[in-house]
Amino acid sequence: MPVRIATWNVNSIRARSGRVVDWLQRADIDVLALQEIKCRDDQFPAAAFEAAGYEVATHGFNQWNGVAVASRVGIADVELGFPGMPAFGKPLPDGTVPLEARAMAATVGDGIRVWSLYVPNGRDLADPHYPYKLAWLDRLRAATAERLAGNPDEPVALMGDWNVAPLDSDVWDMAVFEGSTHVSQPERDAFAAFETAGLTDVVRPLIPTGYTYWDYKQLRFPRNEGMRIDFVLASRAFADLVTGASIERNERKGDAPSDHVPVVVELDVESPLDDDRPMIF
DNA sequence: ATGTCGCTTTGAAAGCGA
């Protein structure tokens with residue numbers, strides 16, 4: 001049995017835990033990296049996941065952002081944030097700025113390292129959130145390069161909502177995005193730097209076109225006016241295991257969808273689930 | 001149409017973030 005790993009910006013896990021868990025089972029997903037859980041750790045609906053056979057590791061902070069990893073093939077060595085991660089927001093009474101909950105890693109299955117990432121939006125080219133976004137991406141790239149230098153053969157994937165559209169064809173109309181975040185050259189350069197650091201987009205070669213996000217407003221989904229901003233960037237060792245991928249466009253349909261859809265990669269490795277499966281032949 | 005969501009503060013409606 002292959003291992004199926006997905007990433008999904010769920011836009012509040014409390015608002016759609018049923019829908020997410022239902023999809024996990026329907027799509028036969030082993031590991032899910034979630035973004036925008038929009039809750040504290042104690043508010044995460046872990047019971048719904050556990051009832052379906054998934055362990056959960058969460059990194060929530062308040063009503064904003066928040067990431068998590070759900071797995072039915074084990075979770076180990078959870079890491080919250082990354083070395084050098086910039087902070088943003090209102091200073092606390094003691095003058096320090098708290099770190100946002102936008103990045104976590106876990107080792108799943110037989111030694112596969114998965115990062116769940118929610119890259120800062122940037123808001124506007126003139127907003128302080130924009131240089132924060134660029135610095136955040138640069139520090140993540142540096143931390144990733146350093147980790148890869150020490151573990152060149154580690155299968156690792158950086159997956160999540162990157163909030164960058166690397167190609168003009170990743171948005172429905174470049175004219176609409178003139179002067180906006182997500183398509184600026186510094187953002188695209190920051191994204192491309194991960195490829196220079198040795199990571200590759202393992203979905204694009206298999207699924208060359210298609211969006212992963214459609215705004216709730218202005219009938220964007222019915223008009224197919226979307227953006228491709230959710231990616232899986234993988235090390236060589238991870239990329240060599242990838243045998244398939246999908247963008248789950250149907251998950252944008254129906255009742256109370258997230259504005260993002262899941263992106264799935266399938267790996268040619270033995271699932272730990274196989275070990276305790278009874279032999280029936 | 002800055003046209004929809006989800007969360008929070010607050011006790012119905014507004015602010016924030018995306």
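We name chains A, B, ... by the order of the sequence lines, and we start the count at 1 in each one. The basis for the numbers below is simple: all heavy atoms, side chains too, and nothing from hydrogens, waters or symmetry mates.
Atom NE2 in A:His260 sits roughly 12 Å away from atom C1' in B:dG17 (whole-Å rounding). The distance from atom CG of A:Asp259 to atom P of B:dG6 is 9 Å, rounded to the nearest whole Å. Atom C1' of nucleotide B:dC7 and atom CD1 of A:Ile37 are separated by 14 Å, given to the nearest angstrom. In this structure, A:Ile229 places its CD1 atom 12 Å from P of B:dA18, rounding to the nearest Å. Rounding to whole angstrom units, CZ of residue A:Phe88 and C1' of B:dA18 are separated by 14 Å. Computed from coordinates, the A:Asn62 CG to B:dT8 P distance equals 9 Å when rounded to whole Å. Put simply, CZ on A:Arg123 is 11 Å from P on B:dC16, counting in whole angstrom units. Distance A:Phe61 CZ to B:dT8 C1': 15 Å, rounded to the nearest Å.
Nearer the 5' end of DNA chain B, as judged by each residue's closest nucleotide, is the contact made by A:Gln43, out of A:Asn65 and A:Gln43. Comparing A:Tyr118 and A:Gln63 by the nucleotide of DNA chain B that holds the closest heavy atom to each, the one mapping nearer the 5' end is A:Gln63.
With sequence neighbours excluded, the residues forming a ring pair (Phe, Tyr, Trp, His ring centres under 6.0 Å) with A:His129 are A:Phe88, A:Tyr132, listed by chain and number. Every residue two or more places apart in sequence or in another chain that forms a salt bridge (Lys or Arg N to Asp or Glu O under 4.0 Å) with A:Asp240 is listed here: A:Arg236. With sequence neighbours excluded, the residues satisfying side-chain hydrogen bond (donor to acceptor under 3.5 Å, both in side chains) with A:Ser184 are A:Tyr130, A:Glu187.
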Polar-atom pairs under 3.5 Å, protein N or O versus N or O of nucleotides 3-5 of chain B: list them with distances, or write none.
from	atom 1	to	atom 2	distance (Å)
B:dT4	O4'	A:Tyr216	O	3.4

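Grouping Ile, Leu, Val, Met, Phe, Trp and Tyr residues whose side-chain heavy atoms lie under 4.5 Å apart, directly or via other members, places A:Trp8 in a hydrophobic cluster with A:Val10, A:Ile13, A:Val20, A:Val21, A:Trp23, A:Leu24, A:Ile29, A:Leu32, A:Leu34, A:Ile37, A:Phe44, A:Phe49, A:Tyr54, A:Val56, A:Val264.
At B:dG6, none of the side-chain N or O atoms of A:Arg14 fall inside 4.0 Å of OP1 or OP2 (strictly under the cut-off).
Enclosure of atom CD in A:Glu178 is not indicated, since only 12 or fewer non-hydrogen atoms of other residues, nucleotides or ligands lie within 6.0 angstrom.
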Using distance only, find each side-chain donor-acceptor pair of residues 192-202 of chain A under 3.5 Å and give its atom names and separation, not counting sequence neighbours.
from	atom 1	to	atom 2	distance (Å)
A:Asp201	OD1	A:Val203	N	2.9
A:Asp201	OD1	A:Arg204	N	3.0

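When distances are taken from the side chain of A:Asn121 to each of B:dG17, B:dA18, B:dT8, the shortest belongs to B:dA18.
Taking the C1' atom of each, B:dT2 and B:dA18 are spaced 13 Å apart, rounded to whole Å. B:dG3 and B:dG15 are spaced 14 Å apart, taking the P atom of each and rounding to whole Å.
Outside the 6.0 Å centre-distance limit, the rings of A:Phe221 and A:Tyr216 are not counted as a close aromatic pair.
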